[in-house]
Amino acid sequence: MNGLGKRIFRDLKDNFLRWLALFMLIFMGMYIVVSVVGAAENIIVQSRKTAEKNSVESGEFKTFFPLAPKQEEFLRDLGIFLERKFSIDIKRKDGTVIRLMQNRGDINLVVLDKGRFAANNGEVVLEKRYCEENGFFVGDKIEIASIEFIIVGIGTAPDYDLPVKNLSDMSANSRQFGIAFVTLGQYNGVLEDGAKWNEDYTYAYQLNNGVTDEDVKRAVRNFGDENLILFLSADENPRILAAAGDMVMNRQVGLLAGAVVMVLFAYVISVFVIHQINRESGVIGTLYALGVKKKELLVHYMVLPTTVTFLGGLTGALMGFSKWGMEKQAAGTYSYFSIPAFRAEYPLYLVIYALVMPPLISVAVNFAVINKELSKTALELMRNGGKTLKYCNIKLPCKDFVHNFQLRQMLREGRAGITMMVGMFISLLIFMLGLNCLILCQHIESDGFKSLEFKYMYFLKYPKNPVPDGGEACYIEYLSKTEFGYKLDISVIGIYDSNKYFDCHPSGKNNGVVIGNSTATKYRLDRGDKIVLTDREKGIDYEFFVEDICGYSVGLTVFMDIVSMRELFSKEEGYYNMLLSDRELKLEESELITVTSRAEIEQSLTVFTELMMPMVIMVTIVSAVVFFVVIFLMLGVMIDRSVFGISLIKIFGFRQREIRRLYLNGNMILIALGAVVCIPLSKALMDAVYPVVVANVACGLNLRFEWYLYVVIFLGTIMVYFIANILLMRKIYRIPTSIVLRNRD
């Protein structure tokens with residue numbers, strides 16, 4: 001075995017670039033899986049542990065007026081923990097909004113990243129994402145409600161994992177909105193100017209002693225159904241465990257991508273091994289004749305690929321677990337969601353996946369292929385080089401020698417050609433995943449900007465009659481729809497036919513609605529379809545008939561005739577709870593629930609592109625590397641199998657340019673035709689899968705490409721092929737003419 005051992009090192013030296021390319025393929029695959037899945041697993045597991053440790057609420061409800069002390073006591077007597085989380089939204093001079101709350105006692109405990117809790121008047125704890133976006137640090141001063149506060153702590157709250165101002169907001173915008181915690185005395189001091197600040201009466205509860213959410217909801221309604229604005233269990237609250245929910249899909253996509261890369265890897269290995277066995281069949285037969293056992297040869301031929309794949313998996317795992325892997329992948333989550341800085345942990349199943357899966361596949365594929373070849377007799381193996389192939393008898397239509405030669409070369413290397421096509425398709429799938437993400441974000445931004453005709457949107461506690469001058473009265477209700485396990489809010493807006501801010505005209509007949517373009521693309525709806533939406537408060541399902549689709553693309557929206565909507569939801573004539581305006585209206589704070597400006601909505605629309613850009617760049621680079629490695633490996637195999645022929649035609653005086661035309665240029669036709677098929681196919685497949693990938697995001701799914709993008713992708717594919725082609729020409733240059741003499745019978 002000493003001689004066989006030396007052959008391993010000689011093979012590694014002679015085919016170093018090939019083994020390096022195989023190593024890079026495994027490395028990139030494991031890097032993707034470990035970094036994406038590892039980051040997701042850490043955030044999912046540790047978010048849930050942190051939420052539980054800090055007593056995250058089981059649910060919350062909001063009322064028009066605060067409950068009486070006896071009513072609060074009644075709820076506690078049910079066996080639940082109840083705590084007020086009243087708040088005031090205060091607009092600062094810089095235009096940002098701070099939601100001021102008192103320090104928590106038992107539920108939704110704040111987790112400090114830095115500093116301490118507010119203990120005295122004039123001290124405040126700010127939410128970390130607001131601080132990061134606006135440049136605040138512990139020890140800085142901040143003016144809130146004309147009072148100067150010292151920031152004594154920066155942290156996160158488990159009930160504001162997704163720090164959105166309103167539950168219906170499509171995205172978080174921490175530049176414009178944050179939460180703050182002060183002492184009870186300080187909070188009451190701010191409230192002294194009652195005419196200026198509009199207090200929100202929200203209660204958090206934790207279930208205990210077998211009490212259910214329905215029991216709590218029933219009890220609150222018994223106090224007076226008209227006082228209940230909102231009732232939300234924790235699993236329906238988009239703010240709670242939002243980062244973990246977002247990462248669930250990342251984990252699934254990462255594991256799926258890993259499985260796809262492993263399939264590609266297994267196929268590449270099989271081509272690799274078959275080529276090596278065919279090339280060395282004479283040597284194997286001679287070794288058999290000299291008494292070397294089959295078991296020894298099996299081990300010998302499996303050592304190098306298994307070692308290379310193990311090292312590829314190991315380094316890929318190390319890089320994935322490092323700050324350039326998991327930390328980099330988690331950076332986007334930390335820059336969007338308001339969660340504590342979690343300590344990195346390394347899931348055991350992921351370590352096993354990265355270290356065991358690649359060498360295991362290598363051993364399995366190698367054993368299956370090598371065992372079959374080594375089952376032949378020594379004489380059959382030594383004569384293997386001269387077997388006749390069926391493709392030699394195929395009659396080709398071309399009369400041109402070069403074209404016939406190229407076609408026969410492609411037929412001869414059919415297995416390698418198929419592998420290149422599979423590699424191209426998988427690489428394009430990975431690329432389309434990132435490109436779809438980028439295009440979707442750009443469409444959310446551009447389509448949303450086009451949809452916004454109003455400048456201010458006012459949400460009212462109760463209608464003001466007559467309608468304020470300059471305001472357009474609307475009636476809004478929030479219903480929900482569940483798909484792929486995710487429940488998302490949909491805004492149902494009742495409008496008059498004369499509404500100047502929405503270009504749609506619902507008829508008001510038979511629950512007819514006009515749906516926004518984002519709703520239509522999200523749920524794949526068209527004119528004539530039916531959509532069922534659920535009132536989570538009352539547990540009632542409403543079936544609507546889609547009359548038309550309009551161009552409104554901000555969030556998920558359905559438009560209804562306001563008169564019909566009042567009848568459907570049992571509201572009195574003239575009722576409205578939302579005003580739209582192209583200028584700021586003079587309304588009392590006590591009349592308002594919240595105000596949203598066009599500028600705030602536009603800023604929230606840009607968040608998606610900023611958040612997803614790092615992932616898009618990484619996916620693009622990885623897909624290009626995987627495609628290049630597969631092309632490089634398979635073209636290298638083709639050249640190795642044609643060494644004798646290349647050496648022979650060199651003797652006949654063929655120039656390097658002519659050799660490249662015969663042995664490599666034919667593959668460009670294969671790559672070009674493959675790209676023409678694979679690019680639209682990968683796009684169609686990824687479009688079909690994408691609704692599942694973004695099932696937890698309340699946005700439309702406009703994934704349409706401009707035609708020129710297909711051309712750019714095609715040219716990029718050809719460019720990658722040419723780079724591999726140029727590198728491999730150096731290998732052809734080094735093939736000596738003496739090979740013909742050495743291979744004489």
Side-chain angles (χ1 to χ4, degrees), residues 30-57 108-114 127-133 154-164 171-172 174 234-235 237-258 317 319-351 353-354 433-434 437 484-486 607-608 610-616 618-619 692-698:
M30 288 304 100
Y31 170 73
I32 294 173
V33 174
V34 171
S35 59
V36 173
V37 177
E41 190 71 28
N42 265 281
I43 289 171
I44 291 169
V45 173
Q46 297 196 55
S47 287
R48 290 171 179 169
K49 286 181 180 178
T50 301
E52 184 178 355
K53 179 181 177 182
N54 292 281
S55 302
V56 69
E57 66 188 41
N108 297 321
L109 302 179
V110 174
V111 183
L112 288 178
D113 278 25
K114 298 175 182 177
E127 182 265 319
K128 67 181 291 185
R129 285 292 302 123
Y130 181 82
C131 291
E132 289 170 354
E133 291 292 333
I154 295 174
T156 60
D159 57 326
Y160 275 84
D161 205 20
L162 178 64
V164 290
S171 64
S174 293
D235 60 349
N237 192 333
R239 292 185 180 126
I240 295 176
L241 291 176
D246 186 65
M247 289 291 107
V248 167
M249 196 59 65
N250 283 27
R251 181 173 62 183
Q252 294 172 350
V253 170
L255 290 173
L256 176 62
M319 182 65 77
F321 284 130
S322 73
K323 66 178 182 179
W324 295 284
M326 280 179 12
E327 188 175 322
K328 199 76 173 176
Q329 285 298 318
T333 301
Y334 283 114
S335 66
Y336 183 66
F337 296 98
S338 182
I339 54 177
F342 297 128
R343 182 174 57 86
E345 294 182 358
Y346 311 109
L348 181 60
Y349 79 89
L350 201 55
V351 175
Y353 185 97
L433 175 66
C437 180
F484 303 120
Y486 290 96
V607 168
F608 289 105
E610 296 174 7
L611 178 67
M612 301 309 297
M613 188 56 70
M615 190 273 284
V616 171
M618 187 206 73
V619 166
V692 181
V693 175
V694 294
N696 61 324
V697 183

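Taking the six-membered ring where tryptophan is involved, the planes of Tyr334 and Phe342 are tilted, since the angle between them lies from 30° to 60°.
Of all the heavy atoms in Val34 and Ala317, the pair that sits closest is CG1-O, 3.8 Å. Minimum heavy-atom separation, Ala51 to Pro158: CA-CB, 4.5 Å. Of all heavy-atom pairs spanning Thr333 and Met247, the tightest one is OG1-CE, 3.1 Å. Taking every heavy atom of both residues into account, Ala172 and Tyr336 meet most closely at N-OH, 2.9 Å. Shortest non-hydrogen contact noted between Met326 and Ala344 is CE-CB, 4.2 Å. Between Ala242 and Leu162, the closest heavy-atom pair is CB-CB, 3.5 Å.
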Kindly indicate, with the supporting measurements, whether the criterion side chain to side chain contact (heavy atoms under 4.5 Å, CB included) is fulfilled by Val164 and Arg239.
CA-CA 7 Å; Val164 290; Arg239 292 185 180 126; 3.7 Å; yes

Run the side-chain hydrogen bond (donor to acceptor under 3.5 Å, both in side chains) check on Ser174 and Glu133 step by step: do they pass?
CA-CA 6 Å; Ser174 293; Glu133 291 292 333; over 6 Å; no

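For the pair Asn237 and Asp159, the minimum side-chain heavy-atom distance is 4.5 Å or more. Inter-residue side-chain proximity for Val56 and Ile240 is flagged as met; some heavy-atom pair is nearer than 4.5 Å. Considering only heavy atoms from C-beta on, Tyr349 comes within 4.5 Å of Val37 through its side chain. Within the 4.5 Å cutoff, side-chain heavy atoms of Gln46 are placed close to those of Glu345. With contacts defined as side-chain heavy-atom distances shorter than 4.5 Å, the pair Thr156/Phe337 does not qualify. At least one side-chain heavy atom of Met319 sits less than 4.5 Å from a side-chain heavy atom of Trp324.
To the nearest 0.5 Å, the span separating CG on Asn54 from CG on Asn108 amounts to 9.0 Å. Expressed to the nearest 0.5 Å, how far CG of Asn42 lies from CG of Leu350 amounts to 9.5 Å. Here the OG1 atom belonging to Thr50 is positioned 12.0 Å from the CG atom belonging to Leu109, to the nearest 0.5 angstrom.
Here Glu327 pairs with nothing under the side chain to side chain donor-acceptor pair (under 3.5 Å) rule; sequence neighbours left out. For Asp161, the salt bridge (charged side-chain N to carboxylate O under 4.0 Å, His left out) test picks out no residue, with sequence neighbours left out. Take Asp113 and apply the salt bridge (charged side-chain N to carboxylate O under 4.0 Å, His left out) test, not counting sequence neighbours, and it matches Lys128. In this view, Glu57 and Lys85 satisfy the salt bridge (charged side-chain N to carboxylate O under 4.0 Å, His left out) rule, not counting sequence neighbours. Evaluation of the side chain to side chain donor-acceptor pair (under 3.5 Å) rule for Ser47 yields no partner, not counting sequence neighbours. For Tyr31, there are no side chain to side chain donor-acceptor pair (under 3.5 Å) partners, not counting sequence neighbours.
Under the 4.0 Å criterion applied to side-chain N and carboxylate O atoms, Glu132 and Arg129 are assigned as salt-bridge partners.
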